[in-house]
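Note sheet for the following structure.
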Amino acid sequence: MKTEFTLAQLADPDIAVADKILRACVHCGFCTATCPTYVLLGDELDSPRGRIYLIKQMLEKEQAPTADVVKHIDRCLSCLSCMTTCPSGVHYMHLVDQARVRIEETYQRPLMDRLLRAVLGYVLPRPREFRLAMTLARFARPFKALLPASSSTTGPAPSVLRRVRAMLELAPTRPLPAPGPSGGTVFPAQGARRGRVALLQGCAQQALAPRINQAAINVLTRHGIEVVLVRDEQCCGALTHHMGQDADATARAKANVGVWTAEAQRGGLDAILVTTSGCGTVIKDYGHMLREDQEFAEPAAAVSAMAKDISEYLATLDLKTEAAHDDVVVAYHSACSLQHGQKITSIPKELLSKSGFVVKDIPESHLCCGSAGTYNILQPDIAMRLRDRKVANIATVKPNVIAAGNIGCMMQIASGTTVPVVHTVELLDWATGGPRPGLN
């Protein structure tokens with residue numbers, strides 16, 4: 001694609017990156033076949049190709065985006081399926097992230113929209129505040145019937161009341177579990193120590209499902225790996241990063257690079273493990289996010305190199321299974337951030353199969369479930385259509401349980417099915433001597 005940035009514009013490192021990405025796009029249209037919003041809506045501007053054109057215009061003209069441009073960029077899930085499909089290697093993730101920052105800086109959203117985004121950006125990355133919000137939402141859940149149930153997926157953005165209803169629909173119906181262990185806790189290896197890792201504590205997952213990290217700790221320590229929860233670790237920044245709140249995301253990235261680097265220097269780390277693939281995709285991108293920062297560029301690149309999804313690391317261990325579970329059919333949902341963002345596709349399924357489970361692929365597995373961070377709140381109607389499509393595809397394989405590697409996907413899918421939804425590592429914990437995973 002031909003670009004028309006001035007030399008002055010290209011002096012900006014971000015614009016230089018955008019120019020390289022835009023020039024790689026040949027407008028072949030392969031991406032449209034795998035883009036969830038284009039598949040649902042059939043609008044060229046709701047495809048990666050269409051959005052790339054809108055972003056190009058916005059960046060070249062250095063003008064505040066129109067409401068229509070914002071609508072189409074906001075509808076992007078950042079599922080990155082287009083990057084898997086693209087034959088030209090267009091790095092759409094860095095382009096749309098940059099567009100979201102530009103929108104956040106130059107576009108004046110309606111007041112209630114700004115307030116909602118500010119609340120989400122403040123509450124979601126903070127486990128204590130998030131826990132309180134979820135507790136309040138559980139009691140407010142019965143009142144969701146008073147709020148609008150749906151809106152058009154082709155018109156303007158959903159109303160704030162529609163989005164509030166979406167939040168209440170995602171609220172837990174039961175009291176939240178007790179919080180997991182705090183930062184600074186070290187879990188010693190059982191038997192001879194074979195390695196030492198840091199485990200990301202997470203934010204929303206820490207409040208909603210601390211059992212996931214506990215399962216990871218169980219499997220790791222059982223196989224000779226010491227696990228540390230690093231003190232003063234923060235939210236990875238993914239949630240605010242994808243809302244264009246660049247200053248917050250960058251500050252969190254720097255804070256985490258600092259504490260993880262210090263921990264690696266103090267006690268040694270073989271890896272930084274992540275059980276939420278959405279977080280893992282962003283942490284693996286810290287090197288790019290902080291590439292222009294003289295103080296953090298090098299340690300951020302080192303942190304990104306150490307970051308691994310829990311499945312990646314477990315694949316390097318010889319997991320000792322205690323009993324086969326070949327009577328359990330597992331529908332494996334490949335989270336977009338894992339299969340498209342991190343290019344991890346076969347490892348989780350191979351781990352489950354080797355552990356004795358019957359693993360089934362889901363039809364249209366490349367399509368997003370509609371969770372996508374805060375997407376199922378900010379774009380609830382599109383998200384619901386994607387969830388229903390995903391659940392219908394899952395039902396065709398008649399599973400006993402659904403496994404996924406991302407808490408957002410787990411919550412989204414669980415809201416539309418009665419089949420138990422668990423994390424992949426919970427099944428691996430069970431297979432290697434841990435407890436049977438609980439229900440939703």
Side-chain angles (χ1 to χ4, degrees), residues 12-15 17-18 21 55 59 70 73-74 76-80 91-107 109 113-130 200-206 230 232-261 272 274 276-307 336-337 341-342 371-378 406-408:
D12 181 335
D14 288 333
I15 294 297
V17 168
I21 296 169
I55 294 169
L59 295 179
V70 172
I73 301 300
D74 281 352
C76 174
L77 293 125
S78 282
C79 70
L80 309 182
H91 206 301
Y92 178 81
M93 180 176 80
H94 289 158
L95 187 65
V96 76
D97 285 345
Q98 191 174 147
R100 288 190 168 120
V101 173
R102 182 63 63 94
I103 288 170
E104 186 72 9
E105 292 174 346
T106 63
Y107 180 71
R109 294 182 183 274
D113 194 3
R114 296 202 306 273
L115 288 175
L116 177 62
R117 288 171 179 270
V119 169
L120 291 174
Y122 180 82
V123 171
L124 293 179
R126 294 171 170 83
R128 282 182 296 184
E129 287 82 349
F130 180 76
L200 178 74
Q201 296 157 67
C203 41
Q205 180 175 289
Q206 189 179 147
V230 178
D232 297 326
E233 180 187 277
Q234 296 192 18
C235 166
C236 70
L239 290 166
T240 50
H241 179 62
H242 292 310
M243 287 196 289
Q245 298 174 9
D246 190 52
D248 182 271
T250 301
R252 293 182 183 281
K254 288 180 178 179
N256 285 336
V257 167
V259 297
W260 287 334
T261 301
I272 299 165
V274 187
T276 304
S277 61
C279 302
T281 301
V282 169
I283 294 170
K284 288 182 177 183
D285 204 45
Y286 276 3
H288 176 81
M289 290 172 64
L290 300 176
R291 69 194 184 284
E292 298 296 326
D293 190 296
Q294 288 187 336
E295 179 183 355
F296 284 93
E298 187 174 339
V303 162
S304 290
M306 277 197 292
C336 295
S337 46
Q342 301 182 49
S371 172
T374 57
Y375 192 92
N376 52 2
I377 295 173
L378 297 175
N406 188 62
I407 184 66

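Note that the structure is a prediction, hence the values are computed from the model and not measured.
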Using modelled atom types only, decide if a donor and an acceptor are shared between the side chain of S337 and the backbone of T281 within a distance under 3.5 Å. no

Whether E104 side chain and D246 backbone form a donor-acceptor pair below 3.5 Å: no

Could you give me the CA-CA distance, side-chain angles and deciding distance for R102 and I55, then say whether side chain to side chain contact (heavy atoms under 4.5 Å, CB included) is met? CA-CA 10 Å; R102 182 63 63 94; I55 294 169; over 6 Å; no

Q205: what forms a side-chain hydrogen bond (donor to acceptor under 3.5 Å, both in side chains) with it, not counting sequence neighbours? N213, T275, T276

What is the minimum heavy-atom distance between G237 and R252, and which atoms define it? CA-CD, 4.0 Å

Heavy-atom closest pair, residues R100 and I73: NH2-O, 3.5 Å

For Y375, the side-chain hydrogen bond (donor to acceptor under 3.5 Å, both in side chains) test, sequence neighbours excluded, returns none

Hey, is CD on E298 packed in by over 12 heavy atoms from elsewhere, all under 6.0 Å? no

Considering only heavy atoms from C-beta outward, does the side chain of W260 approach that of L200 to under 4.5 Å? yes

Check G341 against L80 and note the closest heavy-atom contact, atom names and distance. CA-CD1, 3.8 Å

Check whether any side-chain N or O of S304 sits under 3.5 Å from a backbone N or O of I283 as a donor-acceptor pair, and report yes or no. yes

Could you check whether any side-chain heavy atom of H242 comes within less than 4.5 Å of a side-chain heavy atom of T374, counting everything from C-beta outward? no

Closest approach of V274 and G280, non-hydrogen atoms and distance? CG1-N, 3.6 Å

Any donor-acceptor pair under 3.5 Å linking the side chain of Q201 with the backbone of E233? no

Calculate, to the nearest 0.5 Å, the distance between atoms CD and CZ belonging to Q206 and R126 respectively. 13.5 Å

Looking only at atom types and distance, does a side-chain atom of Y286 sit under 3.5 Å from a main-chain N or O of C236, one as donor and one as acceptor? yes

Distance, nearest 0.5 Å, that separates CD1 of I21 from NE2 of H91: 7.0 Å

Nearest heavy-atom contact between L239 and P125 is CD1-N, 4.5 Å

Hey, are the side chains of D293 and K254 touching, using non-hydrogen atoms and a 4.5 Å cut-off? yes

Enter the distance from L124:CG to I377:CD1 here, rounded to the nearest 0.5 Å. 6.0 Å

Any sub-3.5 Å donor-acceptor pair from R109's side-chain atoms to R114's backbone N or O? no

Where do I15 and Q98 land on the side chain to side chain contact (heavy atoms under 4.5 Å, CB included) test, with the steps shown first? CA-CA 9 Å; I15 294 297; Q98 191 174 147; 3.7 Å; yes

Below 4.5 Å, heavy atoms only, C-beta onward: do L378 and D74 meet side chain to side chain? no

Which atom of A249 lies closest to which atom of M289, heavy atoms considered: O-CE, 4.2 Å

Within the side chain of T240, is there an N or O that forms a donor-acceptor pair under 3.5 Å with the backbone of G121? no

Taking N256 for the side chain and C235 for the main chain, is one N or O donor matched with an acceptor at less than 3.5 Å? yes

Can you tell me how far CG of N406 sits from SG of C336, rounded to the nearest 0.5 angstrom? 9.0 Å

Between the side chains of D14 and R291, is the shortest nitrogen-to-carboxylate-oxygen separation below 4.0 Å, so that they form an ion pair? yes

Looking at E292, I want to see if its CD is surrounded by more than 12 non-hydrogen atoms of other residues, nucleotides or ligands under 6.0 Å. yes

Flag the pair M243 / D248 as yes when at least one side-chain heavy-atom distance between them is below 4.5 Å, and no otherwise. no

